[in-house]
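To find a chain, count down the sequence lines: A is the first, B the second, and so on, and within it residues start at 1.
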Protein chains: 2
Amino acid sequence: MTTDARTPLTRERVLHAAVALADEHGLPAVTMRRLAEELGAEAMSLYYHVAKKEDVLDGIVDVVAQEINEAVARLAPGPDWRQTARRRILTAREVFLRHRWAPALFETRSSTSLAVLKYYDALVGVLHDGGFTHDRIHHALHALGSRALGFSHEVFDPNAGASAEIPAELAAQLPNLVGMLREIAHDDPDSTLGWCDDQAEFEFGLDLILAGLDLLRDR
Amino acid sequence: MTTDARTPLTRERVLHAAVALADEHGLPAVTMRRLAEELGAEAMSLYYHVAKKEDVLDGIVDVVAQEINEAVARLAPGPDWRQTARRRILTAREVFLRHRWAPALFETRSSTSLAVLKYYDALVGVLHDGGFTHDRIHHALHALGSRALGFSHEVFDPNAGASAEIPAELAAQLPNLVGMLREIAHDDPDSTLGWCDDQAEFEFGLDLILAGLDLLRDR
DNA sequence: ACCTGAACACCGTTCAAGT
DNA sequence: ACCTGAACACCGTTCAAGT
């Protein structure tokens, strides 16, 4: 996996190595020392090409966002704004499915990367062409939140406990939740489909919001 | 701020000191050493009351969630499910406005705290009483995401750049975004209202989803 | 111009030792 | 039972020094 140690370091090489490292071993594995090791260099050498670790993290967000922009650029426009936006967002989501650590990182960034800005710029264009006022688009971006970028980091996953054994004592404290989970399990015994499930839920939420926005557009 | 160093340490004291520390100096200030100092003890003493730092973080999530549950318990039910759910969520949000660091932390937790589970349990109850099937409630929780808990951590804040100067070269790359921001600024010169603005956007997104769910309920 | 070794100030955590 | 000092393995980062 380590690329040959002879080729000189560049900011680009550092950032791509960081993405690869996060892909393979998770974000916590991305330390300056480990990253340098991966590149066949010393940790201190990185500082010649990168200001500090924050700079690396900003950088890999930008790399992922560029990957999204490239994927989205290949898309044909849909028959209407809603389909076009939907396709773009689901395509962006595919990139995040390849970089599972990325949503959590995106959420920690305060300044927005240029590539992310470009992504939103194009989305604003799609909505504006679809007949939305700029004011409505502004609301729409807030309503969509991170969903516009293709992910919704769930703080509570109802599915998580679905298969796990729930102790009786705990179950007694959570009658409604347990009732819900039991009924869902009964309705569809094969409902634990891994990320396919999440995909369905993501699309449900997305379509709900897009439909709501569509209704507002005509008023 | 440091509580008297004579009173013995307990898990509770440690967790409440951690919340106070985060409130005052942000989450990064919560280190085991700093936390011990705040309690008039040594870092190593904490380990007698707490397994590890992760345990502290899980613990303060639970403390905040308990605060939410207490606030929400004082609420009178609304005239319908939608008002009831809305009030609960906006009340939960008020707690997060007192603990600005909490949304980011909630997002990093993988296992869900008991207090959070109880919060969701009550919300499931509200929706079920409102006439939703458990299956629909399950979808609704996913659609709401963290909004059900009272926050929506924006990865891109359109307002952030509204007041800042945008260099001409950058503006040329982001025609739609700049166009949107210019028009909004024009429509309402006083639109930079700090968190009040966010509040309005949060409610817009929330109401959009609740309305969408209400429509589904009758079908 | 690019890379490095030694060093500094900070982490979380273990463990034997104190009371 | 509760607390601590010394120590370990790890961070990010600076800075003077190498080529």
Less than 4.0 angstrom between a side-chain N/O of [X] and OP1 or OP2 of [N], yes or no?
{"X": "B:K53", "N": "C:dG12", "value": "yes"}
{"X": "B:Y47", "N": "C:dT13", "value": "yes"}
{"X": "A:H49", "N": "C:dA1", "value": "no"}
{"X": "A:Y48", "N": "C:dC2", "value": "yes"}

What's the closest nucleotide to the A:T31 side chain, out of C:dT4, D:dC3, D:dC11?
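It is D:dC11.
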
[X] [atom1] to [N] [atom2], straight-line distance once rounded to whole Å:
{"X": "B:R13", "N": "D:dC3", "atom1": "CZ", "atom2": "C1'", "answer": "13 Å"}
{"X": "B:L46", "N": "D:dC2", "atom1": "CG", "atom2": "P", "answer": "14 Å"}
{"X": "B:R33", "N": "D:dC11", "atom1": "CZ", "atom2": "P", "answer": "16 Å"}
{"X": "A:E37", "N": "C:dT4", "atom1": "CD", "atom2": "C1'", "answer": "16 Å"}
{"X": "A:M32", "N": "C:dA7", "atom1": "CE", "atom2": "P", "answer": "21 Å"}
{"X": "B:L9", "N": "D:dT4", "atom1": "CG", "atom2": "C1'", "answer": "12 Å"}
{"X": "B:M44", "N": "D:dC8", "atom1": "CE", "atom2": "C1'", "answer": "12 Å"}
{"X": "A:L35", "N": "D:dT13", "atom1": "CG", "atom2": "P", "answer": "12 Å"}

Is the terminal nitrogen or CZ of A:R93 (NZ for Lys, CZ for Arg) located under 6.0 angstrom from the six-membered ring centre of A:F202 and within 45° of that ring's axis?
yes

What is the pairing partner of D:dC10, taking Watson-Crick or G-U wobble pairs with both distances under 3.5 Å in any strand?
none

Does the structure show a Watson-Crick or G-U wobble partner for D:dA16, both distances under 3.5 Å? Name it, or say none.
C:dT4

Go through the steps for B:R100 and B:L97 under the test side chain to side chain contact (heavy atoms under 4.5 Å, CB included), then give the verdict.
CA-CA 6 Å; B:R100 303 272 184 166; B:L97 290 171; 3.9 Å; yes

For B:F156 and A:F106, I'd like to know if the aromatic rings sit close, meaning centre-to-centre distance below 6.0 Å.
no

Taking the six-membered ring for Trp, is the centroid-to-centroid distance between A:H134 and A:H138 below 6.0 Å?
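Ring centres of A:H138 and A:H134 not closer than 6.0 Å.
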
Judged by atom type as modelled, is there a donor-acceptor pair below 3.5 Å linking the side chain of B:R88 to the main-chain atoms of B:A73?
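Not a single qualifying donor-acceptor pair exists.
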
Give one of base, sugar-phosphate or nothing for B:S45, where a contact means two heavy atoms less than 4.0 Å apart.
base

